[in-house]
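For reference, the structure discussed in these notes is given below.
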Amino acid sequence: MPMFSSYTPRQEAEPKPTLRKERVHHDPELSKQPHEDNESYQYDHEAFLGKEEAKTFDQLTPEESKDRLGKIVDRIDGDSNGYITTDELKTWIKRVQKRYVYENVAKVWADYDLNKDNKISWEEYKQATYGYYLANPEEFEDATDQFSFKKMLPRDERRFKAADLDGDLAAEREEFTAFLHPEEFDHMKEIVVMETMEDIDKNGDGHVDEDEYIADMFAHEEGGPEPDWVKTERDQFSDFRDLNKDGKMDLDEIRHWILPQDYDHAQAEARHLLYESDTDKDQMLTKEEILENWNMFVGSQATNYEGMPAPAAQCLPESLHLNVEQPRFLTATSMVGKVPEEF
């Protein structure tokens with residue numbers, strides 16, 4: 001039976017006095033390589049394939065690389081109309097960069113799909129996660145345990161229903177991934193904001209004041225001095241968190257804090273790849289156009305030789321599953337697993 005554990009961010013042991021918590025969610029950069037197409041396509045390869053998979057393509061012949069790229073293009077073409085749009089490229093790039101999330105979901109899928117119908121119903125999840133508690137409430141007489149279970153069960157149900165886009169109370173792979181990793185999905189961002197508010201708002205007044213904000217990241221020892229970074233955070237609260245200067249943060253201010261409007265690297269790269277490969281300038285790419293400019297998307301042995309443009313390209317092997325890693329927002333089950341065999 002999966003072990004229960006709270007799924008707010010950073011649920012390790014009780015924080016040490018100077019342990020700083022991080023709640024802000026940023027989209028990662030697509031590659032650490034410089035984006036210099038006149039020198040190398042390495043940035044593009046890592047953005048399109050992921051850093052580790054790019055290395056695989058550096059070991060392939062040009063013919064093998066193009067063959068695998070063609071198969072990837074078929075997967076990117078979500079509506080199978082023969083054209084790749086900017087949105088489809090962006091979706092692919094974002095999924096590639098998050099494969100670790102899908103990997104972790106895949107690892108635990110079987111623990112929750114009890115009837116093996118390739119869906120996880122709310123009842124299956126509740127039974128797998130809370131079943132022992134619900135059947136044996138007398139064993140959880142400790143007030144803290146009772147409070148935790150009674151609080152987490154309705155929270156999990158609210159989140160599950162938000163992730164369940166078709167409203168059938170049965171999560172398919174993508175829906176279950178959104179349930180376990182809400183910070184990775186746009187339609188789950190409001191859940192992330194609400195749960196953050198609930199975690200930090202200890203007095204339950206619907207706001208986060210300065211002391212609650214600091215208490216979330218710093219466990220103060222009685223009579224002990226505050227480290228310099230805590231004093232800096234107090235200044236941050238008054239100068240940048242409390243936007244309307246009423247001494248506390250509301251939901252909008254929480255959202256502004258933890259979900260900053262970052263530069264959209266995936267969107268920029270998708271537009272770049274399309275612009276550079278769209279020979280007929282119709283704002284879409286065919287498989288032929290992509291294969292004509294294949295070495296911008298993937299690498300090969302040829303592009304990895306000294307003296308040639310050296311893009312450290314990497315392409316997803318045929319067997320690549322879109323996988324993703326442990327969520328920063330953990331659910332009552334903080335160990336989530338596997339994703340579908342196909343992307």
Side-chain angles (χ1 to χ4, degrees), residues 6-30 94 98 144 147-148 150-152 154-159 161-163 178-268 327-332 334:
S6 178
Y7 60 98
T8 51
R10 303 160 317 285
Q11 289 291 319
E12 291 92 22
E14 189 67 24
K16 298 176 182 177
T18 57
L19 177 63
R20 184 173 187 169
K21 293 183 178 181
E22 179 57 65
R23 285 193 181 270
V24 182
H25 306 291
H26 295 284
D27 284 337
E29 294 182 7
L30 303 181
K94 280 186 172 290
K98 295 174 185 175
T144 302
F147 175 77
S148 295
K150 288 180 179 179
K151 177 183 177 182
M152 295 307 297
R155 233 168 95 144
D156 269 1
E157 184 173 11
R158 181 183 65 188
R159 191 199 282 197
K161 289 179 177 179
F179 168 63
L180 293 170
H181 301 261
E183 76 283 357
E184 302 289 354
F185 292 81
D186 288 342
H187 69 281
M188 298 294 289
K189 294 296 175 68
E190 289 310 304
I191 288 289
V192 172
V193 173
M194 282 193 294
E195 291 179 4
T196 301
M197 172 68 82
E198 291 165 356
D199 289 340
I200 306 177
D201 175 25
K202 298 304 183 185
N203 64 11
D205 66 352
H207 295 85
V208 171
D209 61 33
E210 182 179 315
D211 288 339
E212 289 171 326
Y213 173 77
I214 295 299
D216 180 58
M217 63 181 73
F218 174 67
H220 197 284
E221 290 184 331
E222 194 67 35
E226 287 186 347
D228 289 342
W229 69 261
V230 173
K231 297 174 184 177
T232 300
E233 281 296 340
R234 290 191 182 277
D235 292 337
Q236 288 282 317
F237 182 89
S238 58
D239 293 343
F240 302 106
R241 309 286 182 247
D242 179 19
L243 299 177
N244 62 7
K245 308 306 176 188
D246 64 352
K248 54 194 176 185
M249 284 194 289
D250 57 24
L251 283 172
D252 287 338
E253 288 165 322
I254 292 283
R255 185 182 302 104
H256 187 270
W257 166 41
I258 67 170
L259 300 173
Q261 297 300 306
D262 292 336
Y263 178 73
D264 193 334
H265 297 281
Q267 176 78 8
R328 284 168 295 195
F329 268 64
L330 307 177
T331 73
S334 23

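Basis for what follows: all heavy atoms, side chains included, without hydrogens, waters or symmetry-related copies. Just so you know, residue 1 is the first one in the sequence shown, and it goes up from there.
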Arg241 meets the side chain to side chain donor-acceptor pair (under 3.5 Å) criterion, sequence neighbours left out, with Tyr213

Rounded to the nearest 0.5 Å, how far apart are [atom1] of [X] and [atom2] of [Y]?
X	Y	atom1	atom2	result
Glu183	Ile191	CD	CD1	12.5 Å
Asp199	Arg155	CG	CZ	4.5 Å
Asp201	Asp250	CG	CG	11.5 Å

For the residue pair [X] and [Y], what are the closest heavy atoms and their distance?
X	Y	value
Ile254	Met249	CD1-CE, 3.9 Å
Val208	Phe237	O-CZ, 3.6 Å
Ala266	Lys94	CB-CG, 3.6 Å
Leu180	Arg159	O-NH1, 3.9 Å
Ala162	His187	O-CD2, 3.8 Å
Pro225	Phe218	O-CZ, 4.3 Å

So does [X] pair up with [Y], basic N to acidic O under 4.0 Å?
X	Y	value
Arg23	Asp216	yes
Glu253	Lys248	no
Asp186	Lys189	yes

Does a side-chain heavy-atom distance below 4.5 Å link [X] with [Y]?
X	Y	result
Met188	His181	no
Glu195	Arg158	yes
Asp228	Val230	no
Trp229	Met217	yes

CA sep, side-chain torsions, deciding dist, call: Arg234, Asp211, salt bridge (charged side-chain N to carboxylate O under 4.0 Å, His left out): CA-CA 9 Å; Arg234 290 191 182 277; Asp211 288 339; 3.5 Å; yes

So, [X] side chain and [Y] main chain: donor-acceptor pair closer than 3.5 Å or not?
X	Y	value
Lys161	Asp156	no
Asp252	His256	no
Asp242	Asp246	yes

